[in-house]
Structures are given as structure tokens and as C-alpha cells.
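The structure appears right after this line, and notes come after that.
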Amino acid sequence: MEPPKSLRPKNIMVATELLSDPFLQLPTPNSVRVVWFTEFPGRENCVVYGDNLEEEVRAVTSKLTRVREDQNSKITPSYAETAYREVWRHEAEITGLKRDRRLPYRVISTRETGEEISSQIFSLAPTPSGGKPLKILLTSDHQLMPMTAANLQKVEEAIGKVDAVFMAGDLINIADRASEWFDSDGGNAFFPVLQGRGSYTLKKKGIETVYKGGELIQHAPLFTAIGNHEVMGRFSLQTGLNEQFGDAYPQIKAEEIYQKSSAEINPRNDPQLKAAWIKANSFNTDTYEEIFTLPQSDSGGEKYYAVTFGDIRLVVLYITNIWRSPSIKDEQISRYRERSPDLDTPEKWGYGQHIFEPITPDSKQYKWLVQELQTPEFQAAKYKIVMFHHPPHTLGDNIVPAYTNPRQTIIATLEGEVKSVRYEYPLNDDYIIRYLEPLFNEVGVQLVYYGHSHLWNRFQNKQGVNFLESSNVGNSYGAFLGSKKRPIPKGYQETYIADGDPNGLEPIMPTISPLKDENNNDLPYVSSNDISIFSILDTGRGKVSSYRFDTTQSNSDVIKFDEFSLLP
Ligand SMILES: [Fe+2]
């Protein structure tokens, strides 16, 4: 019998054949999970930890069920067609931990041949106690964008190790493409840049700089929200993954198709088969849910949840819809109308920017939220923070049209021939503004944190709730203020706001060092493909600070440009 790993020699070769470094998940007051990935199942997978790495816990191993590659994957060797990729996930629960005590750990996967592959030594800790000052990275919208690796590298250089990462969605571009999570050829996949193992060449003004990202989540738990990019549409092994990502179909419409053919699809009326069929023919977040182990809610599982972390009560919601083009030409599926070649085939319709998970007062998510906001954990928390993907207040583009179910108008002849299908989005029925913001006001939420438009701006409403979008991480999609206008459809009846915050708040000027426009006026936002932003919540000081880094000057300093307080 082999001796336990803790008694074997410590000079294990550090190999790089783990598909990811380990990262921390689901801390509790006395435990934390360690998760990592390999391209082999492993004869044994374990975590060794303790002051002398003397303890050992075996991992539970599972295989990801949906990850694939296709012709658009940036991976060597390349794929000629869409095919499954074999990825195994290992998770070990480390229990019996003491509050505020950090311990070293490493993970070891043993191949079938007996070869042991180990990570380097990192550190783990359970949920910190209340009162302990923490530094939390607020980030989102990484999506393998050009500046993401530089951004995370600067976080580590300027701040050091953070205590947690809160990420408001859009982690990758295509959730079922394995290489976007693990090993894209660009060196900027999701895990490598959050683990300081990336290798992304950023070219600015003719100078190339290679960024590796920051070694962050090996030591700190990651709490994420679902963005539109975590959602995959109708499943196929024939079509490409980009196409499937854009092909999310409303569940209610998939159900209608199912009902018409249920005798053929499901002759025995098996409820599991029905659920699987609806999922395969609408949309899913399976890969996201398989990769992460997050806190859970009874009604939403990992999709929406609340967690206490030190002095923070963090409420994470599933607020995102499918993104569709504002163009009303026929070349692509639009948010405002169906393409004319598709009018007689509703299976090809996009159904506008439909919402993935309801948030209206009759929904499970809303009812759960109301209950959560009444819990002692929420009410007693020093910091009450809500995080989700879609912006309630922003100068960015993705706030138009309003976050509401698309209102469909079908014009057809008396014979039933469809002539046009249009969608409108009433501004005064934006569900976040109409149903959620009043709740946040009432219970004293201090910060609503979100992403999606890839810029930095912040707001405060009359009741004192702070709104922050800090998503100018890897690139920007623009800020629309003054002369710069969002694309607004012509000939539509509802109001679509071309500039400013459609929901009526004024952006707050950065308090320390705003950027300037070409006329040397201070700018109340950062929207840049050269300057990358990150924000840090410091619970000891009760402040959120935002930092900028100019990637055109790779040796320049990180500049703190804004700071605001979450405390009265
Ligand atoms: Fe997004």
C-alpha cells in the first residue's frame, strides 16, 4: 500500500498539465471548496493542505457534459467541425477550518499511469468573520477581450491578493467552448488570466507587451452572476457554437412546439424527457453551472443566490436577456423585428431581446428576493450589495431598449400571411426600475453592481443607493452622452433614449482624477480601448475605489481616479 501523500517526498515536479490551476468556491465559516480541471479523469485527485501540507482530502470528479470546440475555436490542433471535448472537474471540500486562518494547499492529480501532476502551493481560508477588513475585486465582462489580462495583472501588482472576486457576468463569449475557459491559443482564456497563467500579447502603438493576468482566484473565492454570454441557445452537434449561442429560443415557444408533437417526441410522457427536450430547444446555462459551485437559492439553484462574506451580504440575481442587433435590416436577427425571409417560419424567429429568467412580481425570483431582503442576515449586514448583469443606469449602449418582455405585433393578411413582426419595449415598464429599484431603496441597499456595456460610470439615486458599472475591463462599447447617440429605430412608437441614462440619473464625476475630453473637460465616465479599469471594495474603510491603467504605456502606474463611501 502506498503511504498517504502527506508522508511522501515534498519535491514533486510542478507540471503544467493541469487544465487549470485550482480555485476557491463556496466558503462557509469552517470550510471551502477547491476546484480544478484536467483533460484526464485521474486515478486519484486530491488536495493536500495544512501548515506542512499534512492533511489530505480526496476530490469528487465529474466530467463536463456540454463543452465542445468548433471551427472558430482558437486552439491547436484546430477542429474541422463541432465536437465534444473531454474535460474533468475535480472538487474537494476542505472542512474543519478556523476563521480568519489561511492555510497553504496544493492539488495533485494522478494519471492512470501513476504520474502525479501537482499545482504550486496556494492558500485557502473559510468565510472571513464580520469586522475583518477585506478587499474585494469588482469585475465583469472579461470575454477574452484584449485588455483583460493586463487588467488582472495590474490588480495583483497594485492591490496584492484580494479576499474575493465579485464578477457581474460575461466571463467568456461562448459558454460551451471549452478553450474559452481553459486554454485558448491567445493566452487569454478565463481561468489563465484570473490565475496569472495567461500569456496575452497586447499590441499598442507598435509595442508588444505580454500580460499573464493575476494570481487571484487560487487564493480567493469567486462569486459570479450570469450574463448573456453564459447562456447557450438551442443545442446542436451540426452547427457552430457561435450560431448556437445566438439561437436562444424562448422556453414558452419551445413548449408550444413540444405540445404540438409531444406524442412523437415523448410517447411515454416522461417528465425528464420533456424537460430535456425543452432545454435542448430553448436555452441553458449548464456549462456555467457545471463549472462553478456557488451558493444556492431554493427556487433558483446557483442561478440566483445570496451569501454572507465578512461584513457583506451579497445578493446575486439572474437579470440578463439575449442581446440582438439594433439593425432593422434583414441581414441578421434584430431586437426590433423579424427578418422578412423568416416570416412564415416562426421556428426561425428571434422573439426580440427575450428575458431568460422572469423578475416580475409574480416570478419565483422576485418572491425569493423579497424574502431574502427580509432575512436577519440581510438586514443586519453592514454592507448590502446586489449584483447582476444588466444595467439599470448607464451611459452605455445596452440599456436600450428597456429591460422588459418584448411586446410583439404581428401584421398579417386576412388569409393569415404574415407581413411583419415587430417588437417594442416600453421604457416605463423596465422591470429593474419598476419592480426592483423601489425594493433596493426600501431596504437600504448601498451598492448595485452590474456590467454588460463595457464602460465605467456610476450613479446615485435620491434614496442614496449607489449604482456602479465597472466593466471597461477588456474593451469598451462606448458611452452615449451629448453628441454621441445610441442607434435608435426609426418609425417605432415607444421611446428609445439616444443619450444619457434612459432611467433619469446623472452620472457622477469621478472624485479624484477624471479623464478629460479633447477640449480638456472632465469626463463623468471611462469608455476606452486603451485604458482599463478595475474597482476594489475595501470593507475596512467602507469605500469603493476605482483604478485606471493606460495600456499604451505599459510601464505606467495604476491611478486611483474615483472613490465613494458605502457608509453614511
Ligand atoms: Fe453582456
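Ligands are counted one by one from 1 in listed order, and the atoms in each one are counted from 1 as well.
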>> Does Gln493, at its CD atom, have more than 12 non-hydrogen atoms belonging to other residues, nucleotides or ligands within less than 6.0 Å?
In response: no
>> Going by the rule salt bridge (charged side-chain N to carboxylate O under 4.0 Å, His left out), which residues pair with Arg339 if we only count those two or more places apart in sequence or in a different chain?
In response: Asp342
> Which residues satisfy the salt bridge (charged side-chain N to carboxylate O under 4.0 Å, His left out) test with Arg335, sequence neighbours excluded?
Replying inline: none
> For Asp185, what residues pass the salt bridge (charged side-chain N to carboxylate O under 4.0 Å, His left out) criterion, not counting sequence neighbours?
Replying inline: none
> So, Tyr492 versus Tyr336, ring centres under 6.0 angstrom or not?
Replying inline: yes
> For the Fe ion (ligand 1), how many protein N, O or S atoms lie at less than 2.8 Å?
Replying inline: 4
> Cationic tip of Lys253 within the cone over Tyr249's six-membered ring, i.e. under 6.0 Å and within 45° of the normal?
Replying inline: no
